[in-house]
Amino acid sequence: MTTAIYPGSYDPITYGHLNITFRAASLFDKVILALAINSSKQCLFSLEERMELMKHGIAHYSKEKNISDSNIEIAQFDGLLANFVTKYEKPVIIRGLRAVTDFESEYQMALMNRYQNYQVDTVFLIASLRYSFLSSSIVKEIARHNGNYKKLVPPAVYDRLWEKFNNRTK
Ligand code: COA
């Protein structure tokens, strides 16, 4: 059984992440969305909020596209990704590549992860064209200025971003 581990900060999860997740789920026996705890990033959402939005996002995408989510799980991890993946049977790391500009840092991370744990390979999926301009930061920036981002994130993410930047519940 091969387990695909898709790591990230997911602050918040977007349709770009979900598209990669479900494509990985059709290729591997199991997919783990691994939420990094010790990211040096200053996050907008707490760990609990990000976990909740990831759960909602998976359920929503599965229902909307009529694709099973039965082999997708969420986990949190602290410390090195290369150590975390050893918990799983035949682990591979999944990363999405949106543009050539992603390649340099992804190349460095893939090699460093393999240097830490020579048994772990990284598999890259090319991001879907319709989401290839997306990042969590750009969505937050648009939300902060009340722009148009409704079709880029699941409904619960949209509502929570709206609430954060409008200081009231929707
Ligand atoms: N669709 C949409 N957005 C995507 C995407 C996709 N397919 N792939 C990446 N992104 C976005 C992310 O949301 C993120 O957006 P943001 O910077 O606006 O928040 C951005 O692209 C960068 O993504 P990424 O490089 O995945 O950063 P990350 O913080 O989400 O994840 C970790 C980085 C967690 C994978 C990495 O820091 C890690 O492994 N940490 C653990 C410690 C460790 O082992 N360090 C050594 C690594 S060699």
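One-based numbering, in listed order, for ligands and for the atoms of each.
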Query raised in the report: Do Ser135 and Ser137 have side-chain N/O donor and acceptor atoms under 3.5 Å apart?
Result: no
Query - Distance-only donor-acceptor check, side chains Tyr61 and His17, under 3.5 Å - result: no
Side chain, backbone, both or neither: [X] near ligand 1, heavy atoms under 4.0 Å:
X      : value
Leu80  : both
Arg98  : side chain
Asp11  : neither
Tyr6   : side chain
Ala36  : side chain
Lys140 : neither

Lys/Arg-Asp/Glu bridge criterion (N-O < 4.0 Å) met for [X], [Y]:
X      : Y     : result
Lys140 : Asp11 : yes
Lys55  : Glu52 : no
Glu89  : Lys30 : no

Query raised in the report: Out of Leu97, Leu111, Thr101, which one pairs with Glu106 under the side chain to side chain contact (heavy atoms under 4.5 Å, CB included) rule?
Result: Leu97
Taking 4.0 angstrom as the limit and counting only heavy atoms of [X], give me the atoms of ligand 1 inside it, by number and element.
X      : answer
Thr14  : 2 (C)
Met112 : 48 (S)
Ile20  : 7 (N)

Report task. Looking only at distances, please establish whether an N/O atom of ligand 1 is found under 3.5 Å from an N/O atom of Leu81. Result -> yes
Query - Nitrogen or oxygen atoms of Asn113 and ligand 1 under 3.5 Å apart - result: no
Query raised in the report: Taking it one step at a time, do Ile20 and Tyr6 satisfy side chain to side chain contact (heavy atoms under 4.5 Å, CB included)?
Result: CA-CA 9 Å; Ile20 296 284; Tyr6 182 22; 3.7 Å; yes
Report task. Please tell me if the side chains of Ser9 and Ser136 come closer than 4.5 Å, counting only heavy atoms from C-beta onward. Result -> no
Query - Minimum non-hydrogen distance to atom 29 (O) of ligand 1, winning option of Ser137, Gly8, Ser9 - result: Ser9
Report task. Measure from atom 25 (O) of ligand 1 to every heavy atom in Arg95, Met109, Lys41, Gln108 and give the option owning the shortest one. Result -> Arg95
Report task. Check Ile13 against Leu53 and note the closest heavy-atom contact, atom names and distance. Result -> CG2-O, 3.6 Å
Query raised in the report: Is ligand 1 less than 4.0 angstrom away from at least one heavy atom of Phe77?
Result: yes
Query raised in the report: Does ligand 1 have an atom that lies less than 4.0 angstrom from a heavy atom of Gly79?
Result: yes
